[in-house]
Amino acid sequence: MRDNFHPALKERLEKEARRTRSDFERLYQLSVAYLGQRGLKAEVIEKQLGRFSLAVPSWAFSAGGTRFFRFPFPGEPRNIFEKLEDASLVHLLSGMAPRVALHYPWDKISEPAVLKKYAARLQLGFDAMNSNTFQDFPGQKLSYKWGSLCAQDPKVRSQAVRLNLEAMEFGQKLGCNSLVVWLGDGANHPGQMHFRKSFDYYLSSLARIYRRLPRGWKLYLEYKPYEPAFYYTVNFDWGCSFAAASRLGNRCQVLVDLGHHLPGANVEAVVARLIQLGKLGGFHFNDSKYGDDDLTAGSINSFRLFLIMNEMVDAARERGAKNFTPSLMIDQSHNLKDPIEEMLQTCEQLAAAYCRALLVDREALADAQARCDALLAEKILQDAFEAPVRGLLAKVRLAKGGAFDPISFYRKTGYRKQLTERRKKEV
Ligand code: RM4
Ligand code: MN
Ligand code: MN
């Protein structure tokens, strides 16, 4: 395992920045001209953009796979250290992914202190800990085949609670700040599971976890309508998450995974409602066409992503950015693209959507809404959605030492090839 590849790359980045200076200037002027026409100052937007940061998921750096098969690729990271190494490259080139979310026990290792030090050397920190009771692991006493936190068998429920406590303990040693609970618990057949009883089990198991939530931590409840259970899922929508989070207390909030909605759901309205109710904990960003597809954020429905960001910017303005800090995490499964490239692309898409949301003329929008001018209101949003923001993003990225064009830079470095050679040799 090589510790630090940054110095060499940093030099190359500086060189590349000089080489692409005029391309950057041209792109930047496009953004500046747009802002100028609307009386907006580039510095103000850039400052806000500079504070935008994301957490990347450890599990997205290796090939995800589908229900049917997983296609490994050369140079794939084999453990959490190698995943961090890849994550640090994403942060270096994008300048906006300084934290990594973990999955337990997938990322479990015997010496968390070593991992923490390694991450710090790569200039990374940790974000949420996600617990996994949706599969069985070798050596586990009882199976989760019939559910985990919501299983009929109290011993299974206790085992699942214990796994969550362990996950928090592990996360605390690394400096994580929250626990995300997503369950596969549910039924495939009508009558298989008692609806009210299973939700009661959910609430009481969560209460046992919540009581032990480390100081300063949040508990995020993630919902999903179906899969792996195809008839009934115990926590199937934001209403279930909201009810549970309200019952548990202030430090428990709802997590919105963009892919966890039935087709056609108005996710931006869900987000707005949760904000209004003080229960929006954060996001798992991705995109989907049909279900929990875990595709690249903004690749299928970029207007929806913009509308979600628009709700966030609107709320931050109303409440003050300091009082509104939902957790921004990516949750994707990379089956075909190189995960590092897909993550760079994702960061850019998310930042672009956020930047466009910053450009919405909110006074004009409020005025159009007050006058019931539907056309103008919509046009105001469309105008911001179509804004040329790439120059602003590049400006902020370059100021942080990132690449003008992260993906082409990554390709030029031949980084994956180097990794493939190195990871073949080291065991
Ligand atoms: C689930 C859900 C969880 C994620 C797992 C891997 O569908 O989105 O957040 O941890 O997948
Ligand atoms: Mn998720
Ligand atoms: Mn999912």
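No hydrogens, no waters, no symmetry mates; every other heavy atom, side chains included, goes into these values. Every value quoted in this text rests on a predicted model; they were computed, and no experiment measured them. Note that ligands are numbered from 1 as they come in the structure, with each ligand's atoms numbered from 1 the same way.
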Trainee: Which of the protein's N, O or S atoms come within less than 2.8 Å of the Mn ion (ligand 3), not counting waters?
Mentor: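 Within the sphere that stays under 2.8 Å of the Mn ion (ligand 3), the protein atoms of type N, O or S are H260 NE2, D292 OD1, D292 OD2.
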Trainee: Classify the ring geometry between F385 and F303 as parallel (under 30°), tilted (30 to 60°) or perpendicular (over 60°).
Mentor: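 It falls in the perpendicular class, over 60°.
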Trainee: What protein heavy atom lies closest to atom 10 (O) of ligand 1? Include the residue and the distance to one decimal.
Mentor: H103 NE2, 2.7 Å
Trainee: Any chance the rings of F61 and H103 have centres within less than 6.0 Å?
Mentor: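 That pair fails the under 6.0 Å test.
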Trainee: Please list the nearest protein heavy atom to atom 2 (C) of ligand 1 with its residue and the distance rounded to 0.1 Å.
Mentor: E222 OE2, 3.2 Å
Trainee: With under 30° as parallel and over 60° as perpendicular, where do the rings of F24 and F404 fit, or are they tilted in between?
Mentor: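 Rings of F24 and F404: perpendicular, over 60°.
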Trainee: Do W59 and ligand 1 have an N or O pair less than 3.5 Å apart?
Mentor: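 So ligand 1 has no N or O lying under 3.5 Å from an N or O of W59.
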Trainee: Would you say E227 touches ligand 1, if touching means a heavy atom closer than 4.0 Å?
Mentor: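 Not so, E227 does not reach ligand 1.
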Trainee: Would one find an N or O of D331, backbone or side chain, under 3.5 Å from an N or O of ligand 1?
Mentor: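 Indeed, backbone or side chain, D331 has an N or O that close.
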Trainee: With a 4.0 Å cut-off, would you call K412 and E16 a salt bridge?
Mentor: yes
Trainee: Which heavy atom of the protein is the closest neighbour of atom 5 (C) of ligand 1, given with residue, atom name and distance?
Mentor: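 Result for atom 5 (C) of ligand 1: F134 CZ, 4.0 Å.
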Trainee: Is the shortest side-chain N to carboxylate O distance from K224 to D257 below 4.0 Å?
Mentor: no
Trainee: Quick one: which ligand 1 atoms are inside 4.0 Å of a heavy atom on H260?
Mentor: 2 (C), 7 (O), 8 (O)
Trainee: Could you tell me, atom by atom, which parts of ligand 1 come under 4.0 Å of a heavy atom of D257?
Mentor: 8 (O)
Trainee: Please could you name the atoms of ligand 1 that H284 approaches to less than 4.0 Å, counting only its heavy atoms?
Mentor: 9 (O)
Trainee: Can you tell which part of D292 has a heavy atom less than 4.0 Å from ligand 1: side chain, backbone, both or neither?
Mentor: side chain
Trainee: Is it the case that Q192 and Y232 place a side-chain donor and acceptor less than 3.5 Å from each other?
Mentor: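 Checked: Q192/Y232 side chains show no N/O donor-acceptor pair below 3.5 Å.
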Trainee: Ion pair present between E82 and R78, side-chain N to carboxylate O less than 4.0 angstrom?
Mentor: yes
Trainee: State whether D237 and R273 are salt-bridged, where the test is any N-O pair (Lys NZ or Arg NE/NH1/NH2 against Asp/Glu carboxylate O) under 4.0 Å.
Mentor: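 No, D237 and R273 are not salt-bridged.
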Trainee: Which of these, S178, S241, C252, sits in a side-chain contact (heavy atoms from CB on, under 4.5 Å) with Y220?
Mentor: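 Of the listed options, the one satisfying the test is S178.
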Trainee: Applying a heavy-atom cut-off of 4.0 Å, say which part of N132 lies close to ligand 1: side chain, backbone, both or neither.
Mentor: neither
Trainee: Does a donor on one side chain sit under 3.5 Å from an acceptor on the other, for D331 and W59?
Mentor: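 Judged by distance alone, the side chains do pair up.
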Trainee: Taking only Lys NZ, Arg NE, NH1 and NH2, and the carboxylate oxygens of Asp or Glu, determine whether R390 and E348 approach each other closer than 4.0 Å.
Mentor: yes
Trainee: Suppose I only count heavy atoms of K224 and a 4.0 Å limit; which atoms of ligand 1 are within that range?
Mentor: 7 (O)
Trainee: At what distance, to the nearest 0.5 angstrom, does CG of L84 lie from CZ of R121?
Mentor: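 Between atom CG of L84 and atom CZ of R121 there are 11.0 Å.
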